[in-house]
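Quick notes on the structure that follows.
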Amino acid sequence: MLETDLVEVSAPHVLVTGGAGYIGSHACKQLARAGYVPVTFDNLSTGWARAVKYGPLVQGDLLDREALDAAFTQYKPIAVMHFAALSQVGEATRDPGRYWRNNLGGSLNLIEAMVAADCLHMVFSSTCATYGDQDGVVLDEDTPQRPLNAYGASKLAVEGVLRDFGVSHGLNSVIFRYFNVAGADPEAEIGEWHQPETHLIPVMIEAAAGARPALVIHGQDYPTKDGTCIRDYVHVMDLIDAHIRGLEWLRAGRGSQVFNLGTGEGFSVGDVIGHCTSAIGIDVPHEYGPRRAGDAVALVSGSQRACHDLGWVAQRSTLDLMIADAWRWYQTGGYSG
Ligand code: UDP
């Protein structure tokens, strides 16, 4: 047997739900770099088989308990990173049932399968959308959660399930509440690729590239400096660095914890558009449209806990780097064709 085979056989496996998606695929790359075997579990409803490059792919649905049990039996993961979810605010407001079924129902199935398999470490991707509007305060982990839409509400419900299963079944979880994740792998092997795209930075990139006539700004009458919503943008590579630290935290037996992941700095949609010019030298064609239902005015993170407890420091989370990395990835042609 070759030495590389030995490493492969003995390396701990981590089940990555949503590993074919944007954030999950970046997690797989970094897990592989950190010496784990990332096993992607994904129904490929929004993800891409071509994004699964760093470990095996199990094509399955979280609502299919037998498929989950089979994956746990085959790969014996030491932990789960749970990214698989529907995640669009607009769609969640139009079709809440789908969000509750997938995000809560699927997660509950997964968590029960973990307990049955005695796999008791989960890193869970939650969201700042669980906080809702809070009158301009910086949000820390103790801010009361008042989600405005079924996306945030279904993620908050999963947080509750994790807490209950912690008490009753000894399941340990690190819950990360993401602010706005952007950017791509600086090596441009993987990146964000949704069809259709709805998130601000990739939509802006499409407009900059001429693939859509203009970026439509959702609302210009919010009580902010330029009337557009404020968000806290974090680079996907920094976000995944925190996930590896979260996994190590669990493996060290440090118990369950919740962490915000953002930079603490808020940028309006207008600011983001302005940075496109400095990052890639293109002025983005844009126009104003109505507000989007379910949007909070401002979401800005207090992330001291992640810095203090996990030693997490955001390295690439400037708007210019996030936009430049997203642009480089877009120019590869992504997963289409
Ligand atoms: N946004 C926009 N036009 C777009 C997409 C997004 O004006 O085509 C705005 C959106 O209303 C919000 C911000 O950009 O204020 C970030 O939206 P995104 O969908 O990227 O992330 P979310 O905050 O919903 O998670």
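In listed order, ligands and their atoms are each counted from 1.
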Determine whether the side chain, the backbone, both or neither of V203 has a heavy atom under 4.0 Å from any heavy atom of ligand 1. side chain

Here the ring pair (Phe, Tyr, Trp, His ring centres under 6.0 Å) pairs for residues 236-264, sequence neighbours left out, are F83-H243, F176-H243, F176-F259, Y178-H243, W249-F259

Do you see a donor-acceptor pair shorter than 3.5 Å between the side chains of D320 and T318? no

Side chain, backbone, both or neither: V216 near ligand 1, heavy atoms under 4.0 Å: backbone

List every atom of ligand 1 that sits less than 4.0 Å from any heavy atom of H199, numbering the atoms from 1 in the order shown and giving each element. 18 (P), 19 (O), 20 (O), 21 (O)

Between R328 and E192, does any NZ, NE, NH1 or NH2 come within less than 4.0 Å of an OD or OE carboxylate oxygen? no

Pair R254 + E248: basic N to acidic O under 4.0 Å: no

Relative to the heavy atoms of I217, which atoms of ligand 1 are at a distance of less than 4.0 Å? 7 (O)

Out of Q88, H218, M204, indicate the one that has the non-hydrogen atom closest to atom 7 (O) of ligand 1. H218

Relative to the heavy atoms of L215, which atoms of ligand 1 are at a distance of less than 4.0 Å? 3 (N), 4 (C), 8 (O)

Please name the residue in the list H82, E159, K155, E112 that meets the side-chain hydrogen bond (donor to acceptor under 3.5 Å, both in side chains) test with S107. H82

Per-atom filter on ligand 1: closer than 4.0 angstrom to a heavy atom of C229 are 15 (O)

Top protein contact for atom 11 (O) of ligand 1, by heavy-atom distance: D295 OD2, 2.5 Å

Going by the atom numbers of ligand 1, which of them fall below 4.0 Å from some non-hydrogen atom of V89? 24 (O)

Is the positively charged end of R291 above the ring of Y222, judged by distance under 6.0 angstrom from the centroid and angle within 45° of the axis? yes

Nearest non-hydrogen protein atom to atom 9 (C) of ligand 1, with distance, is V269 CG2, 3.8 Å

Closest approach of any protein heavy atom to atom 20 (O) of ligand 1, naming residue and atom: L200 N, 2.8 Å

Just jot down the ligand 1 atoms closer than 4.0 angstrom to any heavy atom of N180, in number order. 16 (C), 21 (O), 22 (P), 23 (O), 25 (O)

Residues R305, D140: salt bridge by 4.0 Å N-O rule: no

Heavy atom under 4.0 Å from ligand 1: found in R231's side chain, backbone, both, or neither? side chain

Answer yes or no: is there an ion pair linking E197 with R212, defined by an N-O contact shorter than 4.0 Å? no

With a 6.0 Å cut-off on the ring centroids, do W329 and Y335 count as close? yes

List every atom of ligand 1 that sits less than 4.0 Å from any heavy atom of T198, numbering the atoms from 1 in the order shown and giving each element. 5 (C), 6 (C), 19 (O)

Relative to each other, are the rings of H169 and F165 parallel, tilted or perpendicular (30° and 60° limits)? tilted

With heavy atoms under 4.0 Å as the rule, classify the contact between R292 and ligand 1 as side chain, backbone, both or neither. side chain

